[in-house]
Amino acid sequence: MMSSARAKETPLLRDALLPLVVLACALAAWEAAVYLWDIPSYVLPAPSLIAATLVKDRAILFASLIVTLTTALEALALATIGGVALALLISRSRWMERALMPFAIVLQVTPIIAIAPLLLVYLAPAEAVLVCAFLVAFFPILANTSLGLASVDRSLVELFDLYRASPWRKLVYLRAPAALPQFFAGLRIGGGLALIGAIAAELAAGAAGQGAGLAFRISEAGYRLDIPRMFAALALVSLAGIVIYAGLTALSRLALSRWHESARGLDD
């Protein structure tokens, strides 16, 4: 058992270390290029200057990070509830699917950067940002959950029908477990898109002179030509995206690793 545990730890350690080594090499090359070619900080700040700016402006930047991250997570939670509920509804009725899916598709294909200024007319900035993030994250969760609920093995459905299982039992013991892999795939996509939607809406709010999130700080730093702060805020946005994706991946692995091959393959 000791050797088996060590065998599992080795791929995980390798997968964690390899990106960090590549990132360290890229940052070192960036730092060297700025130093050797004497590139001004207002053109391309060195990673060391970005880190120093992150420390110096941590009070402002981390407060803005909390605002953006909170909005993205709230939008993701609402999109998950709404997407799963609507997927369950349309899985019960083809008529409902034909009636509602076109509206969901229209919301998905409309650029959020075009919707955000309109929402700012009718809603408070914080509410408009939340709605934008929700709209972007909603469709992947709905589409993937609907696909999972519809992708049940037909022979298993017939077996449940043979034993006269109620619709509730079919949902709990057959359709919901079968849909979990697709649901978590949509959740991972929706998590990243919720952050993108929040950033896009915050940029629109920042252009209107309102907002408090990271995108607002990026716009503010751009107006002031404070390029190091712009890069520091961008670094925090990237870090937030990585944290969201890693957290949702861990949740997916925890839920699926005992029985589904897609999660077991993560440890190979």
Side-chain angles (χ1 to χ4, degrees), residues 57 59-90 96-97 99-146 183 186-224 226 229-230 232-234 236-241 243-245 247-248:
D57 297 337
I60 295 174
L61 293 178
F62 279 94
S64 296
L65 171 64
I66 295 299
V67 171
T68 299
L69 200 54
T70 300
T71 301
L73 293 178
E74 288 177 353
L76 179 62
L78 292 174
T80 301
I81 295 170
V84 171
L86 187 56
L88 290 172
L89 182 62
I90 65 178
M96 292 295 294
E97 180 179 4
L100 297 178
M101 280 300 287
F103 294 99
I105 293 171
V106 167
L107 289 175
Q108 176 64 18
V109 301
T110 304
I112 199 64
I113 200 66
I115 298 175
L118 182 63
L119 290 176
L120 285 167
V121 175
Y122 301 107
L123 301 173
E127 295 172 350
V129 172
L130 179 62
V131 171
C132 285
F134 165 81
L135 292 176
V136 175
F138 174 75
F139 186 77
I141 297 174
L142 168 63
N144 281 271
T145 305
S146 299
F183 163 73
L187 191 63
R188 288 195 296 272
I189 297 170
L193 290 178
L195 182 61
I196 293 172
I199 293 294
E202 284 177 358
L203 286 173
Q210 300 170 318
L214 276 176
F216 175 74
R217 298 304 171 192
I218 292 172
S219 298
E220 181 185 51
Y223 294 141
R224 297 179 179 180
D226 190 351
R229 181 184 280 191
M230 288 183 68
L234 284 171
L236 287 180
V237 171
S238 301
L239 180 62
V243 168
I244 290 174
Y245 184 84
L248 294 176

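Shown here are the side-chain contact (heavy atoms from CB on, under 4.5 Å) partners of I66, two or more places apart in sequence or in another chain: T70. Listed by chain and number, the residues in a side-chain contact (heavy atoms from CB on, under 4.5 Å) with S238 amount to none (sequence neighbours excluded). Partners of F134 under the ring-ring contact (aromatic ring centres under 6.0 Å, His included) rule, at least two apart in sequence or in another chain, are F138. With sequence neighbours left out, S146 forms a side-chain contact (heavy atoms from CB on, under 4.5 Å) with A87, I90, L142. In terms of the side-chain contact (heavy atoms from CB on, under 4.5 Å) criterion, residue partners of A116 (sequence neighbours excluded) are, by chain and number, C132, A201, A204.
Between L65 and L239 the shortest side-chain heavy-atom distance does not fall below 4.5 Å. With a 4.5 Å cut-off on side-chain heavy atoms, R229 and I60 count as touching. A heavy-atom distance below 4.5 Å is not found between the side chains of N144 and F183.
Expressed to the nearest 0.5 Å, how far CG of L135 lies from CG of L193 amounts to 12.0 Å. Considering CG of L73 and CG of L195, their distance stands at 9.0 Å, rounded to 0.5 Å. Distance CG/L236 to OG1/T68: 9.5 Å, rounded to 0.5 Å.
Scanning both residues, L69 and A240, for their nearest heavy atoms gives CD1-CB, 3.9 Å. Considering every non-hydrogen atom in both M230 and I218, the closest pair reads CG-O, 3.7 Å. Shortest non-hydrogen contact noted between A215 and E202 is N-OE1, 3.2 Å. For the residue pair V136 and G197, the shortest heavy atom distance occurs at CG2-CA, 4.1 Å. When all heavy atoms are compared, the tightest approach of A194 to A72 is CB-O, 3.6 Å. The shortest heavy-atom contact between G191 and L76 is N-CD1, 3.7 Å.
Legend: side chain to side chain donor-acceptor pair (under 3.5 Å) pairs involving residues 71-84, not counting sequence neighbours: none detected.
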